[in-house]
2 protein chains.
Amino acid sequence: MATMVEVARKAKVSISTVSHVLNGTRNVEPETRKRVLAAIASTGYRQDALARALRRSQTDSIGLVVSDAGEPAFAEMVHGVEHAAVENGLTLVLANSAENADREKKAVQTLLNRRVDGLILARAAESDPALLQALEQEKPPTILLDRIFSQLPFDQVGADNRETMRQLVTHMIVSGHRRFALVAGDVRVPTLQERMGGFTDASLEGRLGLDEQLIITGTDREALAEELGNSLRTGQITAVIACSTPLAALSLRTLARAGISTPRDIAFATFDGFDNSDLFQPRVTTVRQPAFDMGAAAVHLLVERLRTPEASPRTVRLQQRIEWRESTEDYRRQPAGD
Amino acid sequence: MATMVEVARKAKVSISTVSHVLNGTRNVEPETRKRVLAAIASTGYRQDALARALRRSQTDSIGLVVSDAGEPAFAEMVHGVEHAAVENGLTLVLANSAENADREKKAVQTLLNRRVDGLILARAAESDPALLQALEQEKPPTILLDRIFSQLPFDQVGADNRETMRQLVTHMIVSGHRRFALVAGDVRVPTLQERMGGFTDASLEGRLGLDEQLIITGTDREALAEELGNSLRTGQITAVIACSTPLAALSLRTLARAGISTPRDIAFATFDGFDNSDLFQPRVTTVRQPAFDMGAAAVHLLVERLRTPEASPRTVRLQQRIEWRESTEDYRRQPAGD
DNA sequence: CTGTTAGCGCGTTCAA
DNA sequence: TTGAACGCGCTAACAG
């Protein structure tokens, strides 16, 4: 690899001149600039971003830690982050915590060692609280993505999970449902907690009895499926709501095993959901996360933060859209009480 | 940020000793090592990967350029690459070319400027041939992922697209189909070309007439849909095969618009396909790409290449699995000729 | 077993 | 308008 020295020699200038034409950081005689450019072309010189970063103490790169690169919603977020990053002249360094506190910590360490200019964290469910405290100490510019912890002094971007869930459930109550099963999953995850919160809100407003709201929580898929299956078998429940894509898959599978189909026998809705839902049966009513936009928003917040490090933290909540489909349409069965 | 100098001073040793306990690169008295470790902890020192990389001319990072971060198959590849990367102590720098030659070139430039130790490329369809030539010149360790160009002197990993398509079509011919529509899409993409090749192979072996193999190629979605729609309306075709997820979506949508349903009226199969296919109707027969494994394989090849730069290039083809489902099962209509 | 020191390739002051 | 020279933080060769 050619370095500046070779370019300088070839162009018969000093390396400082080369640097300046490269960065446009001071005026240089058109004539000499031309010579330099020619020398660059002929040597195949390429600026060493490492040395440059070391010297400027700025890498023009950001780190992104996602908790599950597998889920489509996260993949879209990554996509959005990458897109907005290049738009802002930033390179993206990606790490995956696989929902594991230890890997998450290591990932953050690695990224910090690489001197990324900023960090975007979609935190793991069992994330070590100490991690965030440590970050508060060192205060590298950090954005929390998707999973919002409201009392934290960080910039954050998420979706209005609680409100959207409230709307979803309210609508279903209005159309006659009274006995719900909410497949909530791991409620240590703030996102899922918010969704559960929205369900509770709507239940209160709709004056649902406690026995009419079955909330299924937990980490173990088998256990979740079994609990759902059992309660389905009572025949009371008229609507199932899943709080994430994996929970939806699990729920649909459980429904199928129990010989229950939607929308004929039961109503069904989910958050996040599946791609191309309108091509397939059952057409599932889905709360779509603006995942791409969330990723992009995180980058924008980060860029802002880099510009004004002392500004007070902001939380951005993006709106979600409810895509109503047949799985919640065909409600005919009325609960016994009516 | 604390530097080695501060750690050294605090531990009353030289910076070289600090470096050596950090990297375990030479023996050091347990006593002094302890002092150093203590100093590191108390200063909150963190090794600067930039300076280290500059000095060693090795970044322990790899660059990945994907052509469409949106498609699930690519998302899975990214996932696989990331996973295998950390396993090998490598950090992943991600870029997206969005199927655009220009962005792809810029991405490669950026990555090279960052002095990544190696490159993994899932190339864009309209990728500039000059790009690869340039790479051959500079020869940074490079792996071509998913889209294989057989005559190129690079390590490559792909799937056995041709063979799998041949099997798929042969099986369908055997079960009685004779009039196919292949939605092939942009056949400049090697992957899609291979799949088309497999279709032709099977047609030959199955003695299909030329009028019995409708191959729909092109870039414009509208045009593809229209051509498929038109040929569907002739009522001759008994099987549609889509060569990628977006093409499958487009095909299913076209079928729906034409009032044709699978498997009742027509057989349907696709490559790549949709997540959780077994939960939804129609249950689509799908050739599943081992995307995660392909990503991981690319990293392994890269690590090998870094170890032995002069070894001759290898091409790895991973096997694909055909997931047979109902969309190809229910074949009753026989072509008029039988 | 430990310390001194010369760069890695750049950006940036200071002087001319 | 240009050049000389220092140092970012680190590794590794050399010396002791």
Side-chain angles (χ1 to χ4, degrees), chain A residues 1-37 39-40 43-61 89 91 109-110 112-117 138 140, chain B residues 1-37 39-40 43-61 89 91 109-110 112-117 138 140:
Chain A
M1 273 281 49
T3 81
M4 272 184 147
V5 194
E6 305 174 42
V7 174
R9 198 173 29 202
K10 203 150 194 168
K12 301 195 188 306
V13 294
S14 75
I15 65 166
S16 112
T17 301
V18 178
S19 168
H20 282 121
V21 338
L22 236 39
N23 302 313
T25 173
R26 86 177 172 196
N27 271 348
V28 30
E29 195 80 354
E31 168 61 27
T32 49
R33 130 177 268 105
K34 194 169 290 179
R35 284 216 313 282
V36 171
L37 260 20
I40 289 180
T43 49
Y45 166 79
R46 111 173 331 139
Q47 201 178 33
D48 187 327
L50 247 44
R52 184 176 146 91
L54 179 60
R55 185 54 237 255
R56 301 198 315 151
S57 4
Q58 185 186 318
T59 55
D60 294 331
S61 69
T91 320
Q109 303 285 7
T110 308
L112 256 23
N113 287 354
R114 301 227 167 228
R115 298 299 188 264
V116 292
D117 294 341
E138 292 193 46
Chain B
M1 273 284 46
T3 81
M4 271 184 144
V5 192
E6 304 173 43
V7 175
R9 195 173 30 200
K10 203 149 194 170
K12 300 194 190 306
V13 294
S14 77
I15 65 167
S16 110
T17 300
V18 177
S19 168
H20 283 119
V21 340
L22 236 39
N23 302 312
T25 172
R26 84 178 174 196
N27 271 348
V28 29
E29 194 80 356
E31 167 61 26
T32 48
R33 131 179 266 104
K34 194 169 290 180
R35 284 214 315 282
V36 171
L37 260 19
I40 289 180
T43 49
Y45 167 80
R46 116 174 325 139
Q47 201 178 32
D48 187 326
L50 248 43
R52 183 176 146 92
L54 179 61
R55 184 53 235 253
R56 303 198 318 152
S57 9
Q58 185 187 318
T59 55
D60 294 333
S61 68
T91 321
Q109 303 284 8
T110 309
L112 256 23
N113 287 354
R114 302 230 165 225
R115 298 298 188 266
V116 292
D117 293 342
E138 293 195 43

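Residue numbers begin at 1 in each chain, while the letters A, B, ... track the order of the sequences.
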Practice task
Identify the two heavy atoms, one from Ala39(B) and one from Val7(B), that lie closest to each other, and give their separation to 0.1 Å.
Solution key: CB-O, 3.7 Å
Problem - Any Thr32(B) side-chain N or O less than 4.0 Å from OP1/OP2 of dC1(C) - result: no
Exercise for the section: Take Arg115(B) and Arg55(B), find for each the nucleotide of DNA chain C with the closest heavy atom, and name the residue whose nucleotide sits nearer the 5' end. Expected result: Arg55(B)
Fill in the blank from the handout: Ile40(B) CD1 to dC10(D) P, in whole Å, measures 10 Å
Problem - Near-strand residues of residues 11-24 of chain A, defined as heavy-atom separation under 4.0 angstrom from DNA chain D - result: Lys12(A), Val13(A), Ser14(A), Ser16(A), Thr17(A)
Fill in the blank from the handout: note: Gln47(B), atom CD; dT11(D), atom C1'; distance rounded to Å ~ 10 Å
Exercise for the section: Identify the heavy atoms of Thr25(A) and His20(A) that sit nearest to each other, and give their distance. Expected result: CG2-CD2, 2.6 Å
Exercise for the section: Would you mind reading off the distance between Leu54(A) atom CG and dG7(C) atom P, rounded to a whole angstrom? Expected result: 17 Å
Exercise for the section: Mark yes or no for a side-chain to base donor-acceptor pair under 3.5 Å between Arg26(A) and dG3(D), with no hydrogen or angle criteria applied. Expected result: yes
Handout entry: Under-4.0 Å side-chain N/O to phosphate OP1/OP2 contact, Arg56(B) with dT11(D)
Key = no
Fill in the blank from the handout: Atom OH of Tyr45(B) and atom P of dG9(D) are separated, to the nearest Å, by 10 Å
Practice task
Can you figure out which of dG9(C), dC10(D), dT2(C) approaches the side chain of Thr3(A) most closely?
Solution key: dG9(C)
Problem - Nearest atoms (heavy-atom pairs only) where Arg114(A) meets Thr59(A) - result: O-CG2, 3.7 Å
Handout entry: Nearest heavy atoms of Asp60(B) and Asp117(B), plus distance in Å
Key = N-OD2, 2.7 Å
Practice task
Using a cut-off of strictly less than 4.0 Å, decide whether Gln58(A) has a side-chain nitrogen or oxygen near OP1 or OP2 of dG11(C).
Solution key: no
Problem - d(CE, Met1(B); P, dG7(D)) in whole Å - result: 22 Å
Practice task
Flag the pair Glu138(B) and Arg46(A) as a salt bridge only when some basic side-chain nitrogen lies within less than 4.0 angstrom of an acidic carboxylate oxygen.
Solution key: yes
Completion exercise
When every non-hydrogen atom of Met1(A) is compared with those of Glu6(A), the smallest separation belongs to O-OE2, 3.9 Å
Fill in the blank from the handout: Whole-Å distance, Asp48(B) CG to dC8(C) C1', equals 13 Å
Handout entry: d(CG, Asn27(A); P, dG3(D)) in whole Å
Key = 15 Å
Handout entry: Beyond-backbone contact of Asp48(A) with Leu54(B), side-chain heavy atoms, under 4.5 angstrom
Key = yes
Exercise for the section: Figure out the CZ/C1' separation between Arg35(B) and dT2(C), and round it to whole Å. Expected result: 11 Å
